[in-house]
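As structure tokens, the structure follows; a few thoughts come after it.
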Amino acid sequence: MDEVTFKSDTVLSDVHLYTPNHRHLMVRLNGMGQPVFLSQFKLLWNRDSQTDSRAEGGRHGMGPAEQTPPSGPGSTRPPLGSGCSRDATSQEGVGARLDEDGDLDVERRPRATSDSEPAEPPRDKVHPTILTQEEDDPLADEARESSPQDIIRIEHTMATPLEDVGKQVWRGALLLADYILFQRDLFQGRTVLELGAGTGLASIIAATVARTVYCTDVGADLLAMCQRNIALNGHLTAAGGGAVKVKELDWLKDDLCTASLSLRAERVQHGFSFTDPEVPFSWSQEDISDLYSHTTILLAAEVFYDDDLTDALFRTLSRLVHKLENACTAILSVEKRLNFTLRHLDVTCEAYDHFRSWLQRLERLADGRLRFAVEPVEASFPQLLVYERIQQLELWKIFVEPVA
């Protein structure tokens with residue numbers, strides 16, 4: 001494969017768009033025929049590395065920052081205002097050339113001949129490394145060199161149609177994972193439900209401290225990717241003692257997860273058992289009972305890019321919290337995306353505005369049973385994953401409590 005080209009109607013991964021090509025490791029094709037890549041993310045467990053992680057996070061996947069030559073005593077850099085006439089004169093004897101204005105003309109060596117081993121490959125084209133079962137996995141080798149507890153490995157796509165963007169890694173999931181790592185006590189021993197989990201990154205991080213995490217989304221291909229990522233990171237979840245259960249939860253169905261129960265009950269009548277492998281990622285009665293009895297935290301990251309999906313998410317959230325036996329907290333991650341629209345002839349954030357309108361609607365909701373309180377989370381907590389934390393990333397908390 002010489003190069004990978006993307007169609008104009010595909011959505012590119014923001015996280016991997018500027019990642020050096022040697023990290024683009026294509027491992028397989030999924031059930032949709034889409035290339036699946038494997039990336040690893042560094043976990044900075046040591047909070048003393050907060051300053052370093054922010055510096056690295058702002059340049060995730062970029063080359064090393066340009067270093068300004070030092071000035072002052074012992075420096076080879078001339079002081080400001082000293083000019084370069086002395087240097088130009090001294091080099092004339094060794095073949096220095098001047099342009100027509102008398103400035104020093106520095107000849108640049110061609111990159112191809114001067115840099116036999118460049119620091120990183122060029123970014124104009126993506127040249128993935130295709131792995132087979134017989135070949136060694138370079139990521140595995142790199143992971144073995146460092147502590148396994150410092151690496152999270154995620155299979156993902158890098159370019160998909162809009163309906164499959166859940167297969168990509170998004171910054172909102174990394175921000176949510178950062179918050180989980182920062183607020184470990186909040187998740188300790190809890191039962192957590194993630195809605196629209198995508199690749200499962202946030203669910204995996206939550207399982208390092210939570211008792212049980214229900215990692216939910218829709219679509220067999222996407223859920224299989226979630227299951228694969230959970231298996232890849234068993235060293236992280238096993239250390240925390242948490243269990244991750246991948247389940248299908250369709251927001252567009254009024255009965256939510258009970259739909260799979262109905263199907264399974266029907267299969268039981270025809271001789272199928274509750275563990276029927278023909279119904280992958282479905283719910284057992286025990287799962288649903290545990291979900292409603294013990295869940296106290298709900299998560300959702302980067303699922304607010306489409307108004308219809310946002311409507312479905314908040315309706316699902318409302319139905320769920322009315323069935324939970326305990327007060328709960330929903331933690332939502334969103335990226336404020338700016339777009340120029342012909343309808344407004346201006347830069348707007350329509351998807352974000354629709355999301356905010358739902359938060360306001362929840363605060364005004366008075367059904368006599370539950371009270372919703374909404375507050376933003378200041379994104380000043382330490383960055384414990386290496387990625388680019390941009391200002392447009394936001395976290396919101398929704399506290400749901402019974403009306404006294």
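Nearest heavy atom pair, residue K323 against residue Y292, reads CD-OH, 3.5 Å. Scanning both residues, V244 and A207, for their nearest heavy atoms gives CG2-CB, 3.3 Å. Between I204 and T237 the shortest heavy-atom distance is O-CG2, 3.9 Å. Closest of all the heavy-atom pairs between N326 and S293 is ND2-O, 2.8 Å. The shortest non-hydrogen separation linking T216 to E194 is OG1-O, 2.6 Å. When all heavy atoms are compared, the tightest approach of L175 to S333 is CD2-OG, 4.2 Å.
A salt bridge links D178 with R389: the distance from a Lys NZ or Arg NE/NH1/NH2 to an Asp or Glu carboxylate oxygen falls below 4.0 Å. Remark: R171 engages E388 in a salt bridge, criterion side-chain N to carboxylate O under 4.0 Å. Salt-bridge annotation for D164 and K167: present, with a side-chain N of the basic residue lying under 4.0 Å from a carboxylate O of the acidic one. The existence of a salt bridge linking K336 and D353 is excluded, since no basic side-chain nitrogen approaches an acidic carboxylate oxygen closer than 4.0 Å.
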Does the side-chain contact (heavy atoms from CB on, under 4.5 Å) test come out yes or no for S39 and R153, once each step is laid out?
CA-CA 6 Å; S39 293; R153 305 172 75 200; over 6 Å; no
Please determine whether side chain to side chain donor-acceptor pair (under 3.5 Å) holds for the pair D287 and S284, giving the CA-CA distance in whole Å, both sets of side-chain angles, and the decisive distance to 0.1 Å.
CA-CA 5 Å; D287 290 332; S284 68; 3.0 Å; yes
Under the criterion side-chain contact (heavy atoms from CB on, under 4.5 Å), I'd like the reasoning laid out for I398 against T329: C-alpha separation, chi angles, the key distance, then a yes or no.
CA-CA 6 Å; I398 303 175; T329 302; over 6 Å; no
Test ring-ring contact (aromatic ring centres under 6.0 Å, His included) applied to F381 and Y179, step by step:
CA-CA 7 Å; F381 46 90; Y179 185 74; 5.4 Å; yes
Show your working on side-chain contact (heavy atoms from CB on, under 4.5 Å) between E155 and F37 and close with a plain yes or no.
CA-CA 6 Å; E155 283 194 359; F37 298 83; over 6 Å; no
Can you list the steps and then say if K245 with V213 is a side-chain contact (heavy atoms from CB on, under 4.5 Å)?
CA-CA 6 Å; K245 299 183 178 183; V213 179; over 6 Å; no
Evaluate salt bridge (charged side-chain N to carboxylate O under 4.0 Å, His left out) for R371 paired with E401, printing each intermediate quantity in order.
CA-CA 5 Å; R371 177 172 53 250; E401 296 179 344; 3.7 Å; yes
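Contact check for F187 versus V192: side-chain heavy atoms found under the 4.5 Å cut-off. Annotation: side chain of V36 is not in contact with side chain of M26 (no heavy-atom distance under 4.5 Å). Side-chain atoms of D150 and K42, non-hydrogen and from C-beta on, do get closer than 4.5 Å to each other.
Judged by distance alone, the side chain of T295 and the main-chain N or O of L291 form a donor-acceptor pair under 3.5 Å. A side-chain donor-acceptor contact under 3.5 Å links S357 to the backbone of H354. No side-chain donor-acceptor contact under 3.5 Å links S203 to the backbone of G200. Side-chain N or O atoms of R337 include none that pairs as donor or acceptor with a backbone N or O of Y352 at under 3.5 Å. Judged purely by atom type and a 3.5 angstrom limit, N233 uses its side chain to pair as donor or acceptor with the backbone of N229. For T157 (side chain) and T160 (main-chain N/O), no donor-acceptor pair under 3.5 Å exists by modelled atom type. Formation of a donor-acceptor pair under 3.5 Å by the H235 side chain with backbone atoms of I151 is found in this model.
For E335 and Y305, the side-chain atoms include no donor-acceptor pair closer than 3.5 Å. Side-chain contact annotation: W396 with E394, donor-acceptor N/O pair under 3.5 Å present. For the residue pair D311 and W251, no side-chain donor N or O sits within less than 3.5 Å of a side-chain acceptor on the partner. Using a 3.5 Å distance cut-off with no hydrogens or angles, the side chains of S282 and E248 do not pair a donor with an acceptor. Judged by distance alone, the side chains of T212 and H294 never bring a donor and an acceptor atom under 3.5 Å apart.
With a 6.0 Å radius and a threshold of 12 heavy atoms from other residues, nucleotides or ligands, E163 has its CD atom above the threshold.
To the nearest 0.5 Å, atoms OG1 (T316) and CG (D250) are separated by 8.0 Å. Taking CD1 from I154 and CG from L232, the interatomic distance works out to 7.5 Å, rounded to the nearest 0.5 Å. With values rounded to the nearest 0.5 angstrom, L43 atom CG is found 6.5 Å from L236 atom CG. In this structure, F399 CZ and I331 CD1 are separated by 8.0 Å, a value rounded to the nearest 0.5 Å. The CD atom of E302 sits 9.5 Å away from the CG atom of L174 when rounded to the nearest 0.5 Å. To the nearest 0.5 Å, atom CG of residue L249 and atom CZ of residue F281 are 14.0 Å apart.
Centroid-to-centroid, the aromatic rings of F41 and Y387 stay 6.0 Å apart or farther.
The aromatic rings of F355 and F314 sit tilted, their planes meeting at an angle between 30° and 60°. The aromatic rings of W283 and Y214 sit parallel, their planes meeting at an angle under 30°, below the 60° perpendicular limit.
Of the candidates V303, L320, L332, D217, L195 forms a side-chain contact (heavy atoms from CB on, under 4.5 Å) with just one, namely L320.
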